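Note sheet for the following structure.
Worth knowing before you read on, the calculation uses all heavy atoms, side chains too, and leaves out hydrogens, waters and symmetry mates. Predicted model, so just to flag it, every value in this text is computed and none were measured. Order of listing sets the numbers, starting from 1, for every ligand and every atom in it. Count residues from 1 along the sequence.
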Amino acid sequence: MICDNISVNGRGHLTFAGYDTVELAEKYGTPLCLMDENKIRDHVRGYKVAMEKYFPAGSAPEFAGKAFSCRQIYRIMAEEGIDIDVVSPGEIYTAATAGFPMENSFFHGNNKTDSDLRFAIENKVGHIVVDGEDELFALNRIAGAAGIVQKILLRLTPGIDPHTHKKISTGAVDSKFGVPIETGQALELVKKALELKNVSLSGFHCHVGSQIFESRPFTDAAEIMLDFIAEARDRLKFTAGTLNLGGGFGVRYTESDPAIDYGEKIAEVAAALQKKCSALKLEMPAILMEPGRSIVADAGMTLYTVGSVKEIKGYKNYVSIDGGMTDNPRYTLYESPYTVILASRADAVKNFTATVAGRCCESGDLIQENVVMPKPCRGEILAVLTTGAYNYSMASNYNRVGRPPVVMLNGERDYVAIRRETYEDICSLDE
Ligand code: LLP
């Protein structure tokens, strides 16, 4: 199995986090999103330990909430004592109302409106990661009106191509995010930020992309950022205390994805940073990282009930399920690979090849193509693995399909973190 929280029990049922998935499907209904709470906590602790070991004091991971945002995940992050990144007033509201200590949050986004900035300040967001010049001036004005000095990082684009899917690559010079170093605009902006009264610059941020398995894009970006930090020190007498390297480590969606040891990768990044800092005679700044996917992806699994099984003789087979792009748009958007298992008969012979299709009125609503599985029967349970990141958070109500519940499993109890959306919920905004 692609992750150690997945197995098959004596009844031939797929298990997840030690729970019989077929029993969970009966108890909660389908579609059903499951989250393995212990796996989430293990990943958080793994990052924390490695970052404290290899990087200077003050270094820490932040959970990138966009990967999976709900009140319970922020409570878990608060209990684990790690920071979060938020990207919208909606995420700020979710975290703040969950009781998350907002001074430990970082607010990102390429287009924060004035009202977003005001909302962030009212909610006492710790750092705002400023994305460009007009946002810098708007924030300075709004912070001034609120009578505060807002801590900021500047988001810079180091000009790195991480060789990942182009829709999830963000560090290139022509990206919609951040201020480019190469064109000289980044240094200009630092100069301006240092002259403003109501913002206080802690350091710099970059993020190169997502689903990355190598340490190279991180070390390349970090080296460019350190060169920039040294330049700002020499030319502007500003020494950044913090360097945020963003998120991006990859996860195993299928057997062909490598299993990576994040601690090992962090050690590799730290060694490269150390070398570069010595060459630049720079004290290593505190390093922040913002993992999202690698904290929650393999802590998630989605269960569906098989509906129609259609064989088009001489062409292809379809297995349709009771969810689809509404709870998992990632195949439709990125052709993302997934491992699909017939949970009801997980140890049966796999002799049927099919496209797993969602229920929406859209030909592109597929979960996966060319899946080899035992030929399923209507009513059996199908599991899609590694769905904890960017599935629920990108879910929609297309065709007025309700979003599934998210049930947390922690070995002691299974409990609802997000309840199933009802028809009334779906109509709740309609006048
Ligand atoms: N920090 C920043 C500034 C980001 O933009 C992102 C992701 C992260 C951290 C977290 O990256 P991660 O560790 O999760 O790779 N919807 C796409 C992924 C979009 C990623 C957006 N930014 C997907 O489903 O693959």
Side-chain angles (χ1 to χ4, degrees), residues 40 43-44 46-47 51 60-69 73 77 82-88 91 105-112 127-132 153-158 160 162-172 175-179 203-215 217-218 221 225 242-254 257 260 262 265-266 269 287-300 302 325 327-338 367 384 386-396:
I40 297 171
H43 284 316
V44 168
Y47 267 103
M51 293 190 68
E62 287 157 38
F63 171 62
K66 73 206 84 182
F68 176 61
S69 182
I73 198 80
M77 296 306 153
I82 73 159
D83 297 355
I84 58 168
D85 104 24
V86 287
V87 294
S88 68
E91 286 188 359
S105 68
F106 290 73
F107 182 28
H108 286 275
N110 67 303
N111 185 24
K112 305 177 195 78
H127 274 87
I128 294 182
V129 185
V130 171
D131 209 85
L153 296 179
L154 290 181
R155 177 162 180 170
L156 309 180
T157 40
I160 295 288
H163 302 293
T164 183
H165 193 291
K166 75 173 181 346
K167 287 190 189 164
I168 57 175
S169 162
T170 54
S175 168
K176 77 166 180 172
F177 297 103
V179 185
F204 305 114
H205 172 279
C206 67
H207 170 80
V208 289
S210 203
Q211 188 60 358
I212 300 169
F213 290 102
E214 306 297 325
S215 47
F218 292 96
M225 295 297 283
T242 301
L243 172 60
N244 187 327
L245 295 177
F249 279 125
V251 303
R252 292 190 91 192
Y253 286 104
T254 64
D257 290 326
I260 66 170
Y262 304 117
K265 296 288 160 200
I266 286 169
V269 174
I287 304 296
L288 303 179
M289 286 183 134
E290 296 165 338
R293 191 189 311 269
S294 52
I295 289 191
V296 286
D298 63 11
T302 308
M325 64 188 287
D327 60 80
N328 183 359
R330 298 192 67 259
Y331 190 76
T332 306
L333 277 172
Y334 322 116
E335 290 178 10
S336 299
Y338 278 102
I367 291 289
V384 179
T386 328
T387 55
Y390 303 109
N391 283 242
Y392 193 90
S393 61
M394 294 203 296
S396 74

Proximal ligand 1 atoms for D85, defined as those under 4.0 Å from one of its heavy atoms:
1 (N), 9 (C)
Contact between ligand 1 and S294 is defined here as a heavy atom of the residue under 4.0 Å from a ligand atom; is it met?
no
Ligand 1 to P291, heavy atom cutoff 4.0 Å, flagged ligand atoms 13 (O)
Side chains of T386 and R252: donor-acceptor distance under 3.5 Å anywhere?
no
With S88 via side chain to side chain contact (heavy atoms under 4.5 Å, CB included) - residues at least two apart
E91
Looking only at the side chains, is there a donor atom on one of D298 and H43 sitting less than 3.5 Å from an acceptor on the other?
yes
For ligand 1, which atoms, with element, lie under 4.0 Å from some heavy atom of H205?
3 (C)
Mind checking whether Y334 has a heavy atom under 4.0 Å from ligand 1?
yes
By number and element, which atoms of ligand 1 are closer than 4.0 Å to a non-hydrogen atom of E290?
1 (N), 2 (C), 3 (C), 8 (C), 9 (C), 10 (C), 13 (O)
Do Y392 and T387 get their side chains close enough for a donor-acceptor pair, meaning under 3.5 Å?
no
Counting each atom of ligand 1 from 1 as listed, which ones have a heavy atom of R155 under 4.0 Å away?
3 (C)
Less than 3.5 Å between some nitrogen or oxygen of R293 and one of ligand 1, yes or no?
yes
Please could you name the atoms of ligand 1 that M394 approaches to less than 4.0 Å, counting only its heavy atoms?
16 (N), 24 (O)
Report the part of A67 (side chain from C-beta onward, or backbone N, CA, C, O) that has a heavy atom under 4.0 Å from ligand 1; answer both or neither where that applies.
neither
CA sep, side-chain torsions, deciding dist, call: H205, H108, ring pair (Phe, Tyr, Trp, His ring centres under 6.0 Å)
CA-CA 10 Å; H205 172 279; H108 286 275; 4.6 Å; yes
Y338: which residues meet the ring pair (Phe, Tyr, Trp, His ring centres under 6.0 Å) condition with it, sequence neighbours left out?
Y253
Option set F249, Y390, F177, F63, criterion heavy-atom distance to atom 7 (C) of ligand 1, minimum
Y390
Ligand 1 atoms in contact with G292 (distance to a heavy atom under 4.0 Å):
12 (P), 13 (O), 14 (O)
Are F68 and Y390 an aromatic pair by the rule of ring centers under 6.0 Å?
no
Separation between CD (E62) and NE2 (H127), nearest 0.5 Å, reads 9.5 Å
For N328 and N391, test the side chains for any donor-to-acceptor distance below 3.5 angstrom and give the result as yes or no.
yes
So is G248 close enough to ligand 1, meaning a heavy atom under 4.0 angstrom away?
yes
